**Q** 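Got a structure for you, questions after.
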Amino acid sequence: MVEWTPEKIVAFQETLLKWYDNNKRNLPWRRDHDPYHIWISEIMLQQTQVQTVIPYYERFMKLFPTVQALANADEAILMKVWEGLGYYSRARNLQKAAQQIVNDYNGQWPTTVKELQELSGIGPYTAGAIASIAFNKPVPAVDGNALRVFARLLEINEDIAKPQTRKLFENIIKKLMPKNRPGDFNQAIMDLGASYMSAKNYDSENSPVKLFNQAYLDGVEDNYPVKTKKKRPIPVNYFGLLIHSQDDYLFERRPNSGILSRFWMFPLIKGDDIQTKKDASEDDVLRALEAQFLSTYQLEIHVKKIGGRPVTHTFTHQKWQITLLEAELNNSSDLSYFPGKWISESDFREIAFTKVQTKMWERYQQQKEQ
DNA sequence: CAGTCGTGGCC
DNA sequence: TGGCCAAGACT
């Protein structure tokens, strides 16, 4: 990597901030420096693009305009507002942190990185972002943009996918930051990373800091940042059960931890959990599913297959393939062993659906029409 | 540390 | 289609 002289550091700061002053994006959370506004936007923006976040942010602020409103929010309503944004533990941690601020800090925001990071869902990056943008503290906010931008500017060869690398970048960025405008500096780096220095289709030729971009000057930009590849999603097979009685459908409450935790969804049974002999017929599989449901939940169901190809949905680490099945439940069934309840079709829009749940419902509707 | 945790967009 | 990416944090 390259080292910069004090003069070059000052020149970089002036060039970057001048560009930012004239070209910064007009975003809803940039109307003021209210820590509540900065915080909500930073959490929503984790692993999520700006254009996706904007409408969610506006709706969120109308419903929960203050940290007190968020602390007192109903979880189901909170999840409905967050519906479709993904990484739902972000929303639950958001409320926990709001309660921490109200209860532990009497509604007054802590201002240090150390204190901020003790709040649920606030890690090194978000603590740095809030401290610098809302409280003008001279601390770095090292996100994916900062890692990519400085890896290129300085030809840093460390793997940005490794957690340890963040500390190295923090120390480097501390020396490059202006003490008087840390929040603007951090945000300028993000705007740069979202435009001229994006991951793909970057345009260094026209970048305001192209003369500071060593990788560009050396013609080796394609080599930066150094980043190891992610593993590909593992296939997982499920049977999805649409158990209904007129307009009521049986929903299962997912466990309190793990993927899509606490959501109401059509019952899913892992394909691996259904044991059948090698040359089992389709009917054998359906009977095995019924036996499984009876032994697990004491529920007597009758299952029939729905035509059409399975519903597929890919997460970061899993690729689900769901075979949809329609089922009826014995009228006199006792649900006390089943972690779920009946939900009327007319109430579906009241509760938060995950994407894969929506896919299952839409596919079922399509099949019924045929 | 390495794995986990969603969704939408792009090529 | 599949792989990668997008203002990370938690276990």
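Letters A, B, ... mirror the listed sequences (proteins, then strands); counts begin at 1. If you're wondering where the values come from, they're calculated on a predicted model, not measured in any experiment.
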**Q** OP1 or OP2 of dA9(C) less than 4.0 angstrom from a side-chain nitrogen or oxygen of Thr126(A), does that happen here?
**A** yes
**Q** If you only use heavy atoms from C-beta on, which nucleotide in dA2(B), dG8(C), dC11(B) is closest to the side chain of Tyr125(A)?
**A** dG8(C)
**Q** Has the side chain of Arg90(A) got a donor or acceptor atom sitting under 3.5 Å from an opposite partner on the base of dA7(C)?
**A** no
**Q** Classify the nucleic acid contact of Val53(A) as base, sugar-phosphate or nothing, counting any heavy atom under 4.0 Å across all strands shown.
**A** nothing
**Q** With ring centroids as reference points, do Phe353(A) and Phe263(A) lie under 6.0 angstrom apart?
**A** no
**Q** Does a distance-only test, which skips hydrogens and angles, find a donor-acceptor pair under 3.5 Å between the side chain of Thr314(A) and the base of dG2(C)?
**A** no
**Q** Tell me whether the side-chain N or O atoms of Thr316(A) pair up with the base of dG6(B) as donor and acceptor below 3.5 Å, since no angle test is needed here.
**A** yes
**Q** Using a 4.0 Å heavy-atom cut-off across all strands, classify Lys319(A) as base, sugar-phosphate, or nothing.
**A** sugar-phosphate
**Q** Between Gln164(A) and dC1(B), is there a contact of a side-chain N or O with OP1 or OP2 at under 4.0 Å?
**A** yes
**Q** Ignoring the backbone of Ala199(A), work out which of dC5(C), dT7(B), dA2(B) is nearest its side chain.
**A** dC5(C)
**Q** Quick one: on DNA chain B, does Lys200(A) or Ser261(A) contact a more 5' nucleotide (nearest heavy atom)?
**A** Ser261(A)
**Q** Taking only the side-chain nitrogens and oxygens of Lys230(A), find out if one of them lies under 4.0 Å from OP1 or OP2 of dG3(C).
**A** no
**Q** Using the side-chain heavy atoms of Leu27(A), tell me which of these nucleotides is nearest: dC10(C), dT7(B), dA7(C).
**A** dA7(C)
**Q** Considering only dC5(B), dG8(B), dT7(B), which nucleotide approaches the side chain of Gln49(A) most closely?
**A** dG8(B)
**Q** Would Arg31(A) and Glu58(A) count as a salt bridge (charged side-chain N to carboxylate O under 4.0 Å, His left out) here? Give the steps.
**A** CA-CA 12 Å; Arg31(A) 292 169 190 153; Glu58(A) 302 281 23; 3.3 Å; yes
